[in-house]
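Working notes, structure below.
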Amino acid sequence: MSFKTRLIIKLGFLYALAAALLLLGYGRDNNFFTMGTTMAVMAVVMTVRLALLLKNGERLAALETDSRDERTVFVSMKSYSFAFWLSILAEAAAFFALEWRGAAAAKPLCFVICFQAFAYLGSYLFFNKKY
Amino acid sequence: MIFIKNLIEELRRERGLTQAALAEMLGVSRQTVISLEGGRYNPSIALAHKIAAGFSKTIEEVFIFEEEN
């Protein structure tokens with residue numbers, strides 16, 4: 001599958017997700033509509049960006065090189081890892097704050113944190129065996 | 001602890017190549033070339049081999065391994 005095709009498919013998914021959220025939230029008192037609108041705006045901006053890229057073959061080729069570049073992948077993985085741990089710390093802080101106030105949201109947040117911890121452990125065992 | 005220095009910038013300038021030209025030759029981004037030359041990023045063996053081959057050198061001639069005693 002070419003790089004151009006992958007970009008178009010990703011954009012298609014974004015439009016589909018935006019449409020689904022807009023439909024779910026339309027006429028109801030929830031945040032789905034807001035999220036859907038935000039995603040729709042993002043999709044439009046990305047469409048314009050993609051259209052400009054498709055006109056400029058050199059820029060598209062440079063973007064493709066960038067996406068496969070080993071240093072870019074390395075930086076991306078480091079960022080995922082760092083962001084993951086920052087998120088866990090933020091969630092733990094939120095859990096303690098909510099639990100202190102006796103808020104009901106503390107319980108599902110606790111489950112999410114436990115899930116993430118097990119997901120990390122499972123991933124570590126899998127990749128440790130694989131490599 | 002092992003430190004890796006490289007002669008990529010020197011070799012590139014000797015051949016009159018720009019960073020962009022070297023990046024295109026290696027199939028990497030210009031940012032990667034900048035990071036390599038600045039010693040902020042150590043390449044994989046595959047990329048190191050590509051770099052060395054691009055300059056018609058061996059890996060040991062391009063990358064210098066120094067051990068801290």
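Proteins come first, then strands; the chains are lettered A, B, ... in the order of their sequence lines, and each starts at number 1.
Atom CE of A:M35 is surrounded by 12 or fewer heavy atoms from other residues, nucleotides or ligands within 6.0 Å. In the displayed structure, B:E9 atom CD is contacted under 6.0 Å by more than 12 heavy atoms of other residues, nucleotides or ligands.
For A:Y124, the side-chain contact (heavy atoms from CB on, under 4.5 Å) partners are A:Y120, A:N128, not counting sequence neighbours.
By a heavy-atom distance cut of under 4.5 Å, A:T65, A:D66, A:D69, A:E70, A:R71, A:F74 are the residues of residues 48-81 of chain A near chain B, going up by number.
Using a 4.5 Å cut-off between side-chain heavy atoms of Ile, Leu, Val, Met, Phe, Trp and Tyr, with links allowed through other members, B:I64 and B:L11 fall into the same hydrophobic cluster. Hydrophobic clustering, with ILVMFWY side chains joined whenever heavy atoms are under 4.5 angstrom apart, keeps A:I113 apart from A:F84. One hydrophobic cluster holds both B:I59 and B:L26 under the rule that ILVMFWY side chains link at heavy-atom gaps under 4.5 Å.
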